[in-house]
Amino acid sequence: MMTLSTYSTLARILTADDPLAVQIERCLHVVRTDLPDLDVQITVWGHGQQRVWSTSDDVLWDATRTAQVARRRQPLIFDQQATLLPTSLSLPAPRLEPPSERSYMGLPVLWEGRLWAVLEAQRVGPFTSGERTLLLNLSPLLATAVGEEQWGRLARPSGTNDLELPAQRAIDQLAQTLESPLELASLLDVVLREAMHATKASSGAINLMDYEHEEYSLAHSIGFPAQPGASGERNAWPLAVGVVGRVARTGKATLLTDTSHGPEWASPQADVRAELVIPIHGPQQVLAVLVLATTREPVFTTEDLYAAQSIADLATKPLQRALEYQALIEVRTQLQQTLESLPLGLALLDGEGRLLRTNPAWFQHWHIDPRRSGDLQYVPWDMLPLLLSRLSHPLELSDFFAECQSHPQKTFETTMRLQEPDQDIRLRSSPVLDAHSTPNGRLVMIEDITREREIDKMKNEFVSVVSHELRTPLTSILGYTELLLARDFPPVERQEFIQTVYDQANQLSKMVDDLLSLSRLDAGQIKLSRWVVSLHQIIAEITRQLNETLSARHRLLIDIPANIPPIYADKDKIRQILTNLLSNAIKYSPDGGQVALFVRELRTPPPDAPNLPKERAVLIAVRDQGLGIAPADLPNVFNRFFRVDNSNTRKIGGTGLGLSITKALVELHGGRIWVTSTVGKGSTFWLTLPIATELARRS
Ligand code: ADP
């Protein structure tokens, strides 16, 4: 009983690396065991001799039949049921009745149009269909094995091909095409198309081997339902799996004529009749495996196998070249992307300081237009004219590079301050070594450390401000409570002391609140609970509180139209914003004057307004007639811990936190805040807040 496993055993034996004699002996042994009714004889010509192997010495073989098959190169069959043979084979009509009851089949084993062997079989009674299939499929496998004995592996040095091959001309042309360097995708396409054309395959695919990951992947296919990478499938399989894996491991081409069976040959197309699986060899390992499939009759022949292998062999060098090129391109692209996205500026200089390469961050950090980079040959000399206005000490930069040049082996580092815009930078220059470890250039890095510096500065300021500001109220609280504990004071005086302690404790508590608000704002923990809010109501509440603390020198003016639309806001936060601005206005007008609060619906932005959001908004202005803020200090008033430092303000207590909190809260509402001021005349703080429209409420 012929089974698929018999066929795969035979296929394995005939594609193994053993000598032909051993392969044939093993095959016959398998036939003896698995198909005991069948007698098989194999006659091989080559190397000037004829060799004959058979399953049994007891069976008589008619040498004239063998000669007939060899001469005609056509199958010769005597079988009671010869009509059942596949119609694809152009079989001669059944001959005269054989002398015995035995059926006979003789098949030529052809290789490139030449006859190398004859495979014969006999049995009592008709051949079973399994036996017929086996014998027909065994013939091309034998052809491969015999062919390999003749020439070693199918690859032959070019020029020794004196055989007639229908695809030979196409192959010669292909060789020329492949001479020119091709990138991987085009190369795979050319090779696959040529191989399909030469073998009349209906579909084909090329798999690339990845030995590092022990897998192979579909790199290109034509005519298969699934395209590489289509539908997000992963087109990669372990090397240990399937006939492609086997061909990659053994390096031997395989012709499969019974692809409808067996898991190893599972084909994505159900109607595939035969497959050619061809290795493309590299210097050590198989680089790729070509799979050619046909759905047509007649199925592939050994000539097709040879033609496909010849094409595959031609592809070896170009494929190796294309794969190496591809790998280089990938490494280069990765490196380039890394350098381009690096926030660090890099410049590669030769021994004379000539600029060889830079990344985009290099010119960005210097604030030099990259279009001018063509004029910049020597670093830093050609850059100096462009940087002069930014350097407070131009010699600093040239000295640094001069020092680097006089000590080519050493690494140097320095920090510098640039102006317009203000920027702190760190420069580091380290030697670049050639293959003999001799320095032949430098790699210079520029890093923007402005933010780092600012954070350092802020930390220092924070510690000094907080320790000072907390200490002041604490000192007076401690002083007064100590007094109160030590002695009895008359009630009026005691009341005064207690009031001072209370005020100072309040101040402390406010400061701690500010610090907490700030850290929660930084951590993004402050969430607004927004409602439709009437500004009338909030302002009424605030003025009531303020009026209680207002000295006689200040006048509070509130100007809010009755029809002002409600805003969409967090009531408590709006109260905090307005209280901060109004109490600053009072605090920074020590000589008194008017403190005014205007509310209008925003129609045209005031002259000094920044870019304002397009939504409908109200405009609020808090105006005082106090100290004012000098133009140089104006941009900083919203920075945390910033306090204007002059003889007037020094007397006024504060932390420099109020306005930074106010700004963060306004912006959290989607509003903007800014300030205009004239020293000695007073300041106006402006802010916008979104009106409660249907849209705003729903978002
Ligand atoms: P604080 O008032 O606690 O110092 P702020 O953040 O509220 O902190 O204000 C920062 C700085 O801005 C103040 O120190 C002050 O110099 C200045 N400033 C704020 N508001 C006014 C104002 N209305 N008039 C003049 N200067 C002001």
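For ligands, and for the atoms within them, numbers begin at 1 and follow the listed sequence. Sequential numbering from 1 along the given sequence is applied to the chain's residues.
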Minimum-distance protein heavy atom relative to [atom]:
atom: atom 4 (O) of ligand 1; result: R643 NE, 2.6 Å
atom: atom 3 (O) of ligand 1; result: T655 N, 2.8 Å
atom: atom 5 (P) of ligand 1; result: L659 N, 3.5 Å
atom: atom 7 (O) of ligand 1; result: N584 ND2, 2.8 Å
atom: atom 23 (N) of ligand 1; result: D624 OD2, 2.9 Å
atom: atom 13 (C) of ligand 1; result: Y588 OH, 3.2 Å

Test of understanding: given a 4.0 Å heavy-atom threshold, classify the contact between F642 and ligand 1 as side chain, backbone, both, or neither.
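Backbone only.
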
Any side-chain heavy atom of L427 within less than 4.5 Å of one from T415?
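SC-SC contact between L427 and T415 ruled out.
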
Please identify which atoms of ligand 1 are closer than 4.0 Å to at least one heavy atom of [X].
X: F685; answer: 20 (N), 21 (C), 22 (C), 23 (N)
X: L657; answer: 6 (O), 8 (O)
X: S683; answer: 24 (N), 25 (C)
X: K587; answer: 1 (P), 2 (O), 3 (O)
X: V644; answer: 14 (O), 16 (O)

Judged on heavy-atom distance to atom 12 (O) of ligand 1, which of V637, I652, I629 sits nearest?
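Comparing heavy atoms across V637, I652, I629, the nearest one to atom 12 (O) of ligand 1 lies in V637.
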
Considering all heavy atoms, the nearest F642-V637 contact
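Of all heavy-atom pairs spanning F642 and V637, the closest is CD2-CA, 3.7 Å.
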
Compare every heavy atom of R672 with every heavy atom of N611, then report the nearest pair and how far apart it is.
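Looking at all heavy atoms of both residues, the closest pair is O-NE, 3.6 Å.
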
Under 3.5 Å, is there a donor-acceptor pair linking the side chains of [X] and [Y]?
X: S677; Y: S683; answer: yes
X: W686; Y: T676; answer: yes
X: Q594; Y: R623; answer: no
X: Y378; Y: R354; answer: yes

On the 0 to 90° scale, with breaks at 30° and 60°, tag the H407-F412 ring pair as parallel, tilted or perpendicular.
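Ring orientation, 0 to 90° scale: tilted.
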
First locate atom CG of L418, then atom CH2 of W366, and finally report the distance between them rounded to the nearest 0.5 Å.
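That separation rounds to 6.0 Å.
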
